[in-house]
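Position 1 is the first residue of the sequence, and the numbers go up from there.
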Amino acid sequence: MGLDSVELVMRIEEEFGIDLPDAELSSIRTVGDLYRLVMTKMQTGPSTRISRAFYSLRRAMMACLGLPRNAIHPITKLAPLLPKPTRIAAWKSLAEVSQLEFPKLRHPRWARDTIRVLTAAAAIAFFAFMVSWTHPWGLLWLPLLGVTAVVAFVVFSGVYAATSFLARELPVRKVGELAEVLLGMNLMRFDADSKITQPLSTQDIWQRLVYIFCDQTALNWEEITPESRIAEDLGID
């Protein structure tokens, strides 16, 4: 597909919350063919927020990583798409382009274990020092334990922040898993952006589809008919 048709398909997917695989699109010639395909998808796969999260993520990945649409699927592994040398910059770009809150990249396992050990050692050292200095008894142990917990949290957060340059591990393995995380972190955004709140009639679907074609081609409404050939008549290739 050319750039025009890719953009058209992505808009239709986002509008109706459906997936239009390239294999099924290969036989589409007219607007009526596409309408019937959309109708089939609407019957078997209604709009969901997770679909919208995936489409938003895919659009951002296409823009930031230069990937074709058919290279990004829910089962696609993220690691090959986001190599470690450029992962931090690419992760930041994905968040900016999609305008979504992204999960943070993780420290490697050895770094997480080291930070936990350092935090525990600092907390134990602080607690031992305070015991030797204050000699608490009775209920005075409770404030000391509380202060120690605060110190441990501060040390843990500070070391994590100071070693943020080490955070290059992905929080999930696949594109679909990341879409699920993004939905959870941006739930109000996807609720507000949802265009379809109730079942659509066949006429509603046709009107929305025609509107998309008109917007993409600058043609008039009456020029879009079921018999209109998408490439030859509408100039979308």
Side-chain angles (χ1 to χ4, degrees), residues 1-74 76 93-100 175-176 179 182-183 186-237:
M1 293 187 295
L3 291 177
D4 291 340
S5 58
V6 168
E7 184 177 354
L8 173 69
V9 169
M10 291 176 64
R11 284 196 60 180
I12 293 172
E13 287 179 329
E14 293 180 7
E15 176 72 22
F16 296 106
I18 58 177
D19 184 36
L20 299 175
D22 291 344
E24 297 182 21
L25 290 169
S26 62
S27 61
I28 299 300
R29 296 291 179 268
T30 68
V31 177
D33 293 338
L34 184 55
Y35 167 70
R36 285 185 286 274
L37 177 60
V38 171
M39 285 289 295
T40 301
K41 295 295 182 178
M42 292 295 290
Q43 293 171 5
T44 59
S47 172
T48 62
R49 290 174 297 183
I50 186 61
S51 297
R52 296 186 183 280
F54 170 72
Y55 299 141
S56 295
L57 175 59
R58 184 173 64 183
R59 181 182 289 275
M61 295 182 78
M62 291 174 63
C64 297
L65 307 179
L67 296 171
R69 172 181 173 274
N70 58 10
I72 308 170
H73 303 281
T76 303
S93 296
L94 288 174
E96 292 176 348
V97 171
S98 65
Q99 297 182 337
L100 297 173
V175 173
L182 292 176
L183 174 61
N186 302 270
L187 193 56
M188 294 183 65
R189 156 78 182 275
F190 287 108
D191 280 341
D193 288 350
S194 179
K195 300 183 180 111
I196 302 176
T197 58
Q198 58 185 357
L200 294 174
S201 68
T202 56
Q203 184 65 21
D204 290 332
I205 295 173
W206 172 254
Q207 289 178 345
R208 288 181 183 229
L209 190 61
V210 171
Y211 171 79
I212 293 173
F213 271 100
C214 290
D215 192 46
Q216 288 287 119
T217 62
L219 294 174
N220 295 325
W221 190 280
E222 60 272 12
E223 296 179 82
I224 311 295
T225 68
E227 294 74 28
S228 299
R229 295 172 296 177
I230 296 174
E232 294 84 350
D233 299 333
L234 306 184
I236 298 177
D237 52 19

(request) May I ask you to say whether Glu13 pairs ionically with Arg69, meaning some side-chain N is under 4.0 Å from a carboxylate O? (result) yes
(request) Find the distance between CG (Leu209) and OH (Tyr35) and round it off to the nearest 0.5 Å. (result) 9.0 Å
(request) Sequence neighbours left out, what passes side-chain contact (heavy atoms from CB on, under 4.5 Å) with Thr76? Give chain and number order. (result) His73, Leu81, Val175
(request) Grab the two heavy atoms, one from Ala63 and one from Val97, that are nearest each other, plus how far apart they are. (result) CB-CG1, 4.3 Å
(request) Identify, with sequence neighbours excluded, every residue that meets side-chain contact (heavy atoms from CB on, under 4.5 Å) alongside Pro226. (result) Trp206
(message) Applying side-chain contact (heavy atoms from CB on, under 4.5 Å), can you list everything that pairs with Arg229, at least two apart in sequence or on another chain?
(response) Thr30, Glu232, Asp233
(request) Begin from the C-alpha positions of Ile28 and Leu20 and carry the test side chain to side chain contact (heavy atoms under 4.5 Å, CB included) through to its verdict. (result) CA-CA 11 Å; Ile28 299 300; Leu20 299 175; over 6 Å; no
(message) If I take atom OG from residue Ser56 and atom CG from residue Leu94, how far apart are they, to the nearest 0.5 angstrom?
(response) 12.0 Å
(message) Is any side-chain heavy atom of Glu223 closer than 4.5 Å to one of Thr217?
(response) no
(request) Mind running side chain to side chain contact (heavy atoms under 4.5 Å, CB included) on Arg11 and Asp215 for me, showing each step along the way? (result) CA-CA 11 Å; Arg11 284 196 60 180; Asp215 192 46; 2.4 Å; yes
(request) Supply the atom-to-atom distance Leu67 CG to Arg58 CZ, rounded to the nearest 0.5 angstrom. (result) 11.5 Å
(request) Calculate, to the nearest 0.5 Å, the distance between atoms CZ and CD1 belonging to Phe16 and Ile212 respectively. (result) 5.5 Å
(request) Given side chain to side chain contact (heavy atoms under 4.5 Å, CB included), test Leu182 with Phe54 step by step and report yes or no. (result) CA-CA 9 Å; Leu182 292 176; Phe54 170 72; over 6 Å; no
(message) Checking Cys214 against Asn220 for the side chain to side chain contact (heavy atoms under 4.5 Å, CB included) test, could you report, in this order, the C-alpha distance in whole Å, the side-chain angles of both residues, the deciding distance, and whether it holds?
(response) CA-CA 6 Å; Cys214 290; Asn220 295 325; over 6 Å; no
(message) Nearest 0.5 angstrom please: Ile72 CD1 to Leu65 CG, how far?
(response) 7.0 Å
(message) Keeping Ser228 on the side-chain end and Thr225 on the backbone end, is there a donor-acceptor pair under 3.5 Å?
(response) yes
(request) Any chance you could measure Met10, atom CE, to Leu8, atom CG, to the nearest 0.5 Å? (result) 11.0 Å
(message) Do Met39 and Ile205 make a side-chain contact, defined as non-hydrogen atoms from C-beta onward lying under 4.5 Å apart?
(response) yes
(request) Grab the two heavy atoms, one from Ala95 and one from Ser98, that are nearest each other, plus how far apart they are. (result) O-OG, 3.4 Å
